[in-house]
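Atoms within a ligand are numbered from 1 in the order they appear, just like the ligands themselves.
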Amino acid sequence: MRHLLLSRLLLRRSSAPPSSHHNHLTLLRALSSAPSPISSDAELRKYAGYALLLLGCGAATYYSFPFPADALHKKAVPFKYAPLPEDLHAVSNWSGTHEVHTRVLLQPDSVEALQDALAAAHKERRKLRPLGSGLSPNGLALTRAGMVNLALMDKVLDVDVKKKTVTVQAGIRVAELVDALREHGLTLQNFASIREQQVGGFTQVGAHGTGARLPPVDEQVISMKLVTPAKGTIELSKEKDPELFYLARCGLGGLGVVAEVTLQCVERHQLVEHTFVSNADEVKKNHKKWLSENKHIKYLWIPYTDTIVVVQCNPPSKWRTPKLTSKYGKDEALQHVRDLYHQSLKKYRTEAESNDPEIDTLSFTELRDRLLALDPLDKEHVIRINKAEAEYWKKSEGYRMGWSDEILGFDCGGQQWVSEICFLTGSLAKPTMKDLDYMENLLQLIEKEDIPAPAPIEQRWTARSKSSMSPASSSEEDAIFSWVPKDKDELAELQARLGKRFPVDAYNKARMELDPNKVLSNAKLEKLFPVLEPVHQAK
Ligand SMILES: Cc1cc2nc3c(=O)[nH]c(=O)nc-3n(C[C@H](O)[C@H](O)[C@H](O)COP(=O)(O)OP(=O)(O)OC[C@H]3O[C@@H](n4cnc5c(N)ncnc54)[C@H](O)[C@@H]3O)c2cc1C
């Protein structure tokens, strides 16, 4: 590079017009001891400078040769990002679909420190949004303006084996909590697909597993310590301040930072999982019975096929132990997916790249992710993958048994945009079947609009929650709710829908009392639950 620049410089000089040719001669003369036509000291210094520059360039050229043997083969490595300053934290959600860079990421190690941080933010009108493990697919916790995370407040404070309750600092992760409960013979009633959430985030968004008799996890909160910007620390339970307690149990981090929580647990138990492949007619015929008889049940719908995978989990029966094997081994169940991957690599890449040596080590979801990544918008390609998935599940039919926290997890695959809808679908005694209608319409829409929709579309059920901001909130004790991924709504329509569905006025009133300066808020929360400007100014 240096060499190239230099040659161009020299070239320009040698092809320069006659007047500069004269300068060139003058310069040479200045270098020799011959008498000089230079008339002033300034001119002498100028030409001496030129001479030095020329000498420097000459030396640089001389020392650049010869080029190293591999010089021609070196590839340029462009900088993708400038390095971040040391005090800038990059925080992204689990899927990597939302990311912010912030200079303020506080990690207090006590309730007092948390209280001080929030009081200061309130006084200075700065943002301090609670951030858990950052799993929420919509990046609900993130804001560039400043966040507070309770990773250093992750202790188990008390276990009451008799009452089957546990009190924890809200920064503890679900996986660690379950490990700690194990030695007391306890566990949580239900789980989401993964267990990386902090208990604060887990309960604040009303996370859920599946089972028409099992509520979302916020329903397990018996009491909590909420640290607020304007009112300091408040102890909440259904006895102390029921209205605020039920609002704040699923408060989306907008009413305060949950510092401590007491949760209702259940005895540690095993489950037998039964996976089988069904179809729309069979599901319709059995739906009511299956919802009511199975402790946990979910359907995995596979677009562009008539396959519905049914997964049921129940305590082991005293009378009948199923054969805990499946007809096919893991490799046999996966071989056709690996074959499809090889064929697709040949189609989309060169022959040389199509022999991926890693292929035999990949799980089904990893294979699916790689296959989809080759051409996610090609409908025919996606349909081939979906059909391979249907066959994979057919070959994976069978039973397995394990502790509930292991059995209820589910490998959801890689990067994903998720928007989930939860709606009432009658009661256990009288299901409306709206849940199955919804899926039928959704699958028809996908086909009609030629949407390259990958599998699976997971449908689950929960009992109601008494938390007023929960999507499954209901005063009807036996109400059941179905949870399915959904398209994004237009904002105005979404706000109107939220207004009809949730006590938005009560939520906003509580927000203005506990956090008038919107310290805990971010753009997302403001969009969903817009409030007028602060009712009073901080002193
Ligand atoms: C692979 C995967 C699988 C998933 N499976 C399921 C599933 O099966 N069922 C389900 O329901 N969800 C599921 N989720 C979503 C996930 O469970 C929830 O988004 C989760 O509970 C968030 O926990 P978090 O600690 O990551 O909170 P974050 O995402 O960090 O925050 C979530 C919300 O809680 C607030 N918050 C966090 N901590 C506190 C605190 N201490 N005090 C007050 N507010 C707080 C934040 O401000 C934010 O509003 C899944 C997510 C992933 C990535």
Side-chain angles (χ1 to χ4, degrees), residues 91-98 100 105 107-108 111 114 118 127-143 146-154 168-175 177 190-211 214-218 221 224-229 236 248-261 296 298 365 408-420 422 458-462 465 469-472 481 483-485 514-515 519-522 524-525 528-529:
V91 184
S92 66
N93 68 339
W94 186 88
S95 299
T97 48
H98 298 267
V100 292
L105 181 59
Q107 294 199 309
V111 177
L114 172 63
L118 280 169
K127 296 277 179 216
L128 212 49
R129 175 120 179 104
L131 164 72
S133 296
L135 294 188
S136 294
N138 58 4
L140 184 62
L142 305 180
T143 176
M147 290 170 282
V148 58
N149 171 264
L150 301 196
L152 301 181
M153 293 173 63
D154 62 347
V168 293
Q169 290 185 307
I172 192 169
R173 285 184 315 124
V174 172
L177 171 57
N190 210 350
F191 295 96
S193 309
I194 60 172
R195 300 178 305 162
E196 296 306 315
Q197 306 88 346
Q198 288 186 4
V199 163
F202 195 46
T203 51
Q204 280 292 290
V205 299
H208 62 95
T210 190
L214 304 167
V217 298
D218 50 281
V221 177
M224 61 187 177
K225 211 175 245 182
L226 191 71
V227 184
T228 68
L236 289 174
R249 270 207 317 194
C250 187
L252 305 172
L255 298 178
V257 181
V258 181
E260 291 174 14
V261 195
H296 307 267
K298 68 180 171 198
T365 46
L408 294 174
F410 182 65
D411 182 357
C412 311
Q415 193 178 58
Q416 46 196 276
W417 291 89
V418 184
S419 176
E420 196 175 33
C422 163
E458 195 181 15
Q459 184 172 36
R460 295 181 281 180
W461 290 268
T462 69
S465 161
M469 291 298 289
S470 165
F481 290 82
W483 303 69
V484 198
L514 304 175
D515 180 23
V519 166
L520 302 165
S521 192
N522 65 357
K524 201 153 271 148
L525 206 69
L528 298 178
F529 307 106

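Here the heavy atom of the protein found nearest to atom 28 (P) of ligand 1 is G134 N, 3.6 Å. Looking only at heavy atoms of the protein, atom 24 (P) of ligand 1 is closest to S133 N, 3.4 Å. Atom 33 (C) of ligand 1 has its closest protein heavy atom at V205 CG1, 3.4 Å. Here the protein heavy atom with the shortest distance to atom 31 (O) of ligand 1 is A141 CB, 3.5 Å. When only non-hydrogen protein atoms are considered, atom 11 (O) of ligand 1 lies nearest to H208 N, 2.8 Å. Here the protein heavy atom with the shortest distance to atom 15 (C) of ligand 1 is P137 CD, 4.3 Å. Remark: minimum distance from atom 7 (C) of ligand 1 to any protein heavy atom is reached at A192 CB, 3.2 Å. Closest protein heavy atom to atom 42 (N) of ligand 1: V258 N, 2.8 Å.
The proximity of L525 to ligand 1, defined as any non-hydrogen pair under 4.0 Å, does not occur for either the backbone or the side chain. The proximity of R460 to ligand 1, defined as any non-hydrogen pair under 4.0 Å, is limited to the side chain. Contact annotation: for R129 versus ligand 1, heavy atoms closer than 4.0 Å belong to the side chain alone. Contacts with ligand 1 closer than 4.0 Å are made by heavy atoms of both the backbone and the side chain of Q198.
Distances from atom 50 (C) of ligand 1 to the protein include no heavy-atom value under 4.0 Å.
Closest heavy-atom approach to atom 29 (O) of ligand 1 among the candidates P130, S136, S95, G209: S136. Nearest-heavy-atom check against atom 16 (C) of ligand 1 across Q197, H98, K298, M147 picks out Q197. Taking only non-hydrogen atoms, the option from G256, G409, G251, G201 nearest to atom 34 (O) of ligand 1 is G201. One option in S521, G253, G200 has a heavy atom closer to atom 44 (N) of ligand 1 than any other, and that option is G253. By heavy-atom distance, the residue among T203, I194, L135 lying nearest atom 2 (C) of ligand 1 is I194.
At a cut-off of 3.5 Å, with distance as the only test, no side-chain donor of Q169 or D154 sits close to an acceptor on the other residue. Residues W94 and S133 have side chains that never bring a donor and an acceptor to within less than 3.5 angstrom of each other.
The CG atom of N522 lies 6.0 Å from the CG atom of L140; values are rounded to the nearest 0.5 Å.
Residues G132 and N149 share a closest heavy-atom pair of O-ND2, 3.0 Å. In this structure, L135 and Q197 approach most closely via the heavy-atom pair CD1-CG, 3.5 Å.
Under the 4.5 Å side-chain criterion, counting only non-hydrogen atoms from C-beta, P216 is in contact with W483. Within the 4.5 Å cutoff, no side-chain heavy atoms of D515 are placed close to those of L255.
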